[in-house]
2 protein chains.
Amino acid sequence: MCGMADTIDYPQLALDDQICLPLYATSRAVTRRYADLLSEVGLTYPQYVCLLALWDADAPLAVGELGARVHLDSGTLTPLLKRLEQAGLVTRTRDAADERRVRISPTERGWDLRAQVADVPARLVAGLGVTEGDARTLRSLLDRLLTGLEAPAR
Amino acid sequence: MCGMADTIDYPQLALDDQICLPLYATSRAVTRRYADLLSEVGLTYPQYVCLLALWDADAPLAVGELGARVHLDSGTLTPLLKRLEQAGLVTRTRDAADERRVRISPTERGWDLRAQVADVPARLVAGLGVTEGDARTLRSLLDRLLTGLEAPAR
DNA sequence: CACAAAACTATTGCGTGCAATTGAATTGCG
DNA sequence: CGCAATTCAATTGCACGCAATAGTTTTGTG
């Protein structure tokens, strides 16, 4: 009636068949759960991820190097890092050897934070009923997807 | 040296061991890829997801019902739906039987759009090297995760 | 050395996400 | 019926994401 087609006519657009929606919803649900745990130390989830990368690095990372590790660009990172700087958790310093670069280093308080969030991953996973094997499977699928998605789009 | 602990001391915080990051990065990569395809018809990815839900529904959805399907709340949906209304793709009407509710219906142009995006899911998956089985596994894992995450946090 | 191309971070503008709050409409209970 | 509790959408405020652009600095080439 009225000429409008049923979903039957577009099975590929049925909401329940989309993979993108569970991926999108789950990712945001994880971020929300992290936000609960991280609010205790005043961090957002993207800020936490950046600190993980900085803690991991052997030397102070440039903005672009950090971005490659966390898959974010300078448009997102610059203001985020300024907020971390305001919070006294990192320093931003022009690289003397290459004045285009800005190197990010955790401050002493930034390093100290690591102990305070050490239990966050375990607390997040607790009660989710995800086994170690599930986690490996999921990681493997996501890594493959991500690689394909970040390759130049033909 | 300097008293700062190595990542070795916090293995659970090693960036490469986090599942949250691939999940987060992959979800955004999918959204970006959709954005490329949807820009042709002037839609953002969340707008597209909302239209999928509206197209799927048997009757005009209230904002809250739509939100339950796409996992978004009124704080996000109200402005998004106003933009879809401005674009002439949906109407927003107070429910006469319950004036608290606002019912969302695609306009004729909103229904027409369905044909224009019919090939989007296939174009997105093309070349990603993900099999039907992979997709099922991924969906199953994500659904379980999402259920656990949206359950009240103990 | 000169200078165009490339690399790199910062800025702008817009659209989410989401917690918290507000305000109106409805429900449920005495 | 009366009215407090609940439901619902809208608003506010803040932090992303990201495309596009701008502005420096460096690199590569003649």
Side-chain angles (χ1 to χ4, degrees), chain A residues 21 24-39 42-50 60-68 70-87 92-104 149-150 153, chain B residues 21 24-40 42-50 60-68 70-87 90 92-104 149-150 153:
Chain A
L21 183 54
Y24 176 60
T26 304
S27 172
R28 286 184 294 108
V30 167
T31 299
R32 267 195 310 276
R33 186 65 71 94
Y34 265 105
D36 284 341
L37 302 175
L38 294 172
S39 64
L43 288 179
T44 66
Y45 174 69
Q47 288 168 5
Y48 164 79
V49 171
C50 286
L61 295 177
V63 173
E65 295 168 336
L66 174 58
V70 300
H71 304 270
L72 290 168
D73 72 359
S74 73
T76 301
L77 288 176
T78 295
L80 183 156
L81 293 169
K82 284 184 178 177
R83 281 186 286 271
L84 286 181
E85 186 182 39
Q86 286 302 308
R92 301 166 59 246
T93 319
R94 284 277 159 196
D95 187 329
D98 183 346
E99 295 265 343
R100 290 173 304 183
R101 289 164 177 262
V102 171
R103 297 219 169 259
I104 313 297
L149 287 164
E150 294 195 333
Chain B
L21 182 55
Y24 177 60
T26 304
S27 172
R28 286 184 294 106
V30 167
T31 299
R32 266 195 310 277
R33 185 66 69 96
Y34 265 106
D36 284 341
L37 302 176
L38 293 172
S39 64
E40 299 173 9
L43 288 178
T44 66
Y45 173 69
Q47 289 167 4
Y48 163 79
V49 172
C50 286
L61 295 177
V63 173
E65 295 168 335
L66 174 58
V70 300
H71 304 269
L72 291 168
D73 72 358
S74 72
T76 301
L77 288 176
T78 295
L80 183 157
L81 293 170
K82 284 183 178 177
R83 281 187 283 272
L84 286 181
E85 187 182 37
Q86 286 302 308
V90 305
R92 300 164 60 246
T93 320
R94 283 279 159 195
D95 186 329
D98 184 344
E99 296 265 342
R100 290 172 304 182
R101 290 164 177 264
V102 170
R103 297 219 169 260
I104 313 297
L149 286 164
E150 294 196 332

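In what follows, every chain begins at residue 1, and chains take the letters A, B, ... in the order their sequences are listed.
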Which residue, D98(A), D95(A), T93(A), forms the side chain to side chain donor-acceptor pair (under 3.5 Å) with R103(A)? D95(A)
Reading DNA chain D from 5' onward, which residue's closest nucleotide shows up sooner: Y45(A) or G75(B)? G75(B)
Find which nucleotide of DNA chain D each of T31(B) and P79(B) is nearest to by heavy atoms, and output the residue with the more 5' nucleotide. P79(B)
Which nucleotide, [options], lies nearest any side-chain atom of [X]?
X	options	result
V102(A)	dC16(D), dT9(C), dT16(C)	dT9(C)
R92(B)	dT25(D), dA19(C), dA10(D)	dA10(D)
T78(B)	dG15(C), dA25(C), dT11(D)	dT11(D)
R100(A)	dA10(D), dC8(C), dA10(C)	dC8(C)
T44(A)	dT16(C), dC16(D), dC18(D)	dC16(D)

Test your reading of the model: is there a side-chain donor-acceptor pair from [X] to the backbone of [Y], 3.5 Å cut-off?
X	Y	result
R92(A)	V102(A)	no
D36(A)	S39(A)	no
R101(B)	R94(B)	no

Expressed in angstrom and rounded to an integer, what is the separation of [X] atom [atom1] from [N] atom [atom2]?
X	N	atom1	atom2	answer
L72(A)	dT16(C)	CG	C1'	15 Å
R32(A)	dA19(C)	CZ	P	6 Å
E85(B)	dA9(D)	CD	P	15 Å
D95(A)	dT24(D)	CG	C1'	14 Å
L43(B)	dT16(C)	CG	P	10 Å
L77(A)	dT9(C)	CG	C1'	10 Å
L81(A)	dA15(D)	CG	C1'	13 Å
D73(A)	dC18(D)	CG	C1'	6 Å

Does [N] have OP1 or OP2 under 4.0 Å away from a side-chain N or O of [X]?
X	N	result
K82(B)	dA9(D)	no
S74(A)	dC8(C)	no
R103(B)	dA9(D)	no
R101(B)	dA25(C)	no
R83(B)	dC14(C)	no

So CZ of R83(B) and OG1 of T78(B): to nearest 0.5 Å the spacing works out to 10.5 Å
Heavy atoms of Y48(A) and L38(A) approach each other most closely as CB-CD1, 3.4 Å
Sugar-phosphate only, base, or nothing, as touched by [X] at under 4.0 Å among non-hydrogen atoms:
X	answer
A62(B)	sugar-phosphate
L80(A)	sugar-phosphate
T76(B)	base

